Amino acid sequence: MHQATGNGMTSQRTRLRMIERLREQGISNPLVLDAMSQIARHLFVEPVLQSRAYDDTPLPIGQAQTISSPYIVALTCELALQGTGSGQKLGKVLEIGCGCGYQAAVLSRLARSVFSLERIAKLVGMARGNLQSMRIGNVTIRNIDGTHGYPREAPYDAIVVAAAMPMISAELKAQLKPGGRLIAPVGMGEQQQLVLVEAGEVDGELRYTERVLEAVKFVPLLSGVS
Ligand code: SAH
């Protein structure tokens with residue numbers, strides 16, 4: 001059978017079981033659940049790992065990096081969307097840490113345009129190939145160090161960071177629109193927390209509120225391009 005339709009562990013039914021599990025884990029935004037039921041996650045991992053693509057676990061994608069678990073992708077997408085009205089999509093989104101492009105593909109269904117940064121050239125090639133074969137046209141991937149965000153396209157409705165940073169810099173927050181949201185794992189090694197930053201406007205001035213959500217485990221944000 002053709003890879004895109006899949007069989008057994010990679011079928012639509014397996015994907016729907018993943019969606020059921022996400023619901024049980026508390027994910028409720030129908031746009032997120034719908035996007036994740038449409039994007040074939042198994043096509044983002046190597047053939048030998050495809051039977052595990054819908055398990056709730058990160059998986060290796062080469063270059064010592066991972067594809068984030070379905071729950072983490074769903075949670076961070078849902079948090080990004082909470083700034084919009086019910087059923088409404090995002091305008092412009094920035095992702096830092098594209099990896100193989102899975103979350104960028106999910107975000108492509110949730111936003112008008114997505115900019116995704118990845119420091120490892122090999123992964124940029126892999127992600128671009130994956131998105132092209134799915135005919136996803138609203139994602140732009142750049143092979144750059146995303147530590148400082150991507151001011152050229154700012155401001156963003158949401159910024160989703162997929163690698164753990166020691167702190168959230170003022171320079172990154174400044175790339176949010178008023179009402180925009182930034183979601184990032186903060187911390188080193190095993191001590192990481194998912195943090196949500198909201199940009200609010202008080203008397204014409206931007207104010208940022210930060211909330212610590214839950215313990216998480218991401219690969220570290222590294223500097224430089226390779
Ligand atoms: N979004 C991916 C997760 C990939 S893991 C998914 O859908 O599963 C995080 C990625 O962040 C890795 O590919 C890693 O190379 C990348 N990364 C780490 N530091 C970075 C930096 N400073 N700039 C851009 N990408 C970075």
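When a ligand or atom number is given, it counts from 1 through the structure's own listing order. Predicted model only: the values in this text are computed from it and were never measured.
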Neighbour count above 12 (heavy atom, 6.0 Å) for [X] [atom1]:
| X | atom1 | value |
| --- | --- | --- |
| Glu46 | CD | no |
| Gln191 | CD | no |
| Glu20 | CD | yes |

Practice task
Considering only NZ, NE, NH1 and NH2 on the basic side and carboxylate oxygens on the acidic side, decide whether Lys173 and Glu210 come within less than 4.0 Å.
Solution key: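 A salt bridge is present here (some side-chain N lies under 4.0 Å from a carboxylate O).
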
Handout entry: Salt-bridge criterion met for Arg207 and Glu201 (N-O under 4.0 Å)
Key =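 Glu201 and Arg207: not salt-bridged.
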
Name the closest protein heavy atom to [atom], giving the residue it belongs to and the distance to 0.1 Å.
| atom | result |
| --- | --- |
| atom 21 (C) of ligand 1 | Leu222 O, 3.4 Å |
| atom 7 (O) of ligand 1 | Gln103 N, 2.9 Å |
| atom 14 (C) of ligand 1 | Gln65 OE1, 3.4 Å |
| atom 26 (C) of ligand 1 | Arg119 CG, 3.7 Å |
| atom 5 (S) of ligand 1 | Thr66 O, 3.1 Å |
| atom 23 (N) of ligand 1 | Gly146 N, 2.7 Å |
| atom 15 (O) of ligand 1 | Glu118 OE2, 2.7 Å |
| atom 6 (C) of ligand 1 | Ser68 N, 3.9 Å |

Would you give the length of the straight line joining atom [atom1] of [X] to atom [atom2] of [Y], rounded to the nearest 0.5 angstrom?
| X | Y | atom1 | atom2 | value |
| --- | --- | --- | --- | --- |
| Met36 | Glu78 | CE | CD | 11.0 Å |
| Thr14 | Ile19 | OG1 | CD1 | 11.5 Å |
| Tyr156 | Lys177 | OH | NZ | 10.5 Å |

Can you tell me which portion of [X] lies within the under-4.0 Å heavy-atom range of ligand 1? Options are side chain, backbone, both, or neither.
| X | result |
| --- | --- |
| Val219 | side chain |
| Leu123 | side chain |
| Cys100 | neither |
| Ser223 | neither |
| Asp145 | both |
| Gln63 | neither |

With atoms numbered from 1 as shown, which atoms in ligand 1 lie under 4.0 angstrom from a non-hydrogen atom of [X]?
| X | answer |
| --- | --- |
| Tyr102 | 7 (O) |
| Thr147 | 22 (N) |
| Ile120 | 15 (O) |
| Glu95 | 1 (N) |
| Ile144 | 23 (N), 24 (C) |

Handout entry: same_hphob_cluster(Leu49, Val219) at 4.5 Å side-chain heavy-atom cutoff
Key =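 Shared cluster, no.
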
Sequence neighbours excluded and cut-off under 3.5 Å, please list the side-chain donor-acceptor pairs for residues 124-134, or say none.
residue : atom : partner : partner atom : Å
Arg128  : NH2  : Ile141  : O            : 2.5
Asn130  : ND2  : Cys100  : O            : 3.0
Asn130  : ND2  : Met126  : O            : 3.4
Ser133  : OG   : Gly129  : O            : 3.4
Ser133  : OG   : Asn130  : O            : 3.0

Exercise for the section: Begin with the C-alpha distance, continue with both residues' side-chain angles, and end with the deciding distance and a verdict on salt bridge (charged side-chain N to carboxylate O under 4.0 Å, His left out) for Glu118 and Arg142. Expected result: CA-CA 6 Å; Glu118 173 54 58; Arg142 294 263 179 269; over 6 Å; no

Practice task
Would you tell me which option among Gly97, Pro70, Pro220 has the nearest heavy-atom contact to atom 18 (C) of ligand 1?
Solution key: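 Looking at heavy atoms only, the winner is Pro220.
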
Problem - No-hydrogen, no-angle side-chain donor-acceptor test under 3.5 Å, Asn29 and Gln82 - result: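 Side chains of Asn29 and Gln82: no pair found under 3.5 Å.
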
Practice task
Would you please determine whether Ile61 falls within less than 4.0 Å of ligand 1 on a heavy-atom basis?
Solution key: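 No, Ile61 has no heavy atom closer than 4.0 Å to ligand 1.
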
Practice task
Ignoring angles and geometry beyond distance, decide whether Ile67 reaches within less than 3.5 Å of ligand 1 through its nitrogen or oxygen atoms.
Solution key: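 No, there is no polar N/O contact under 3.5 Å.
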
Practice task
Report yes or no: is the cationic atom of Arg41 (NZ for Lys, CZ for Arg) closer than 6.0 Å to the six-membered ring centre of Tyr54, at no more than 45° off its axis?
Solution key: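 Negative - Arg41 is either too far from the ring of Tyr54 or too far off its axis.
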
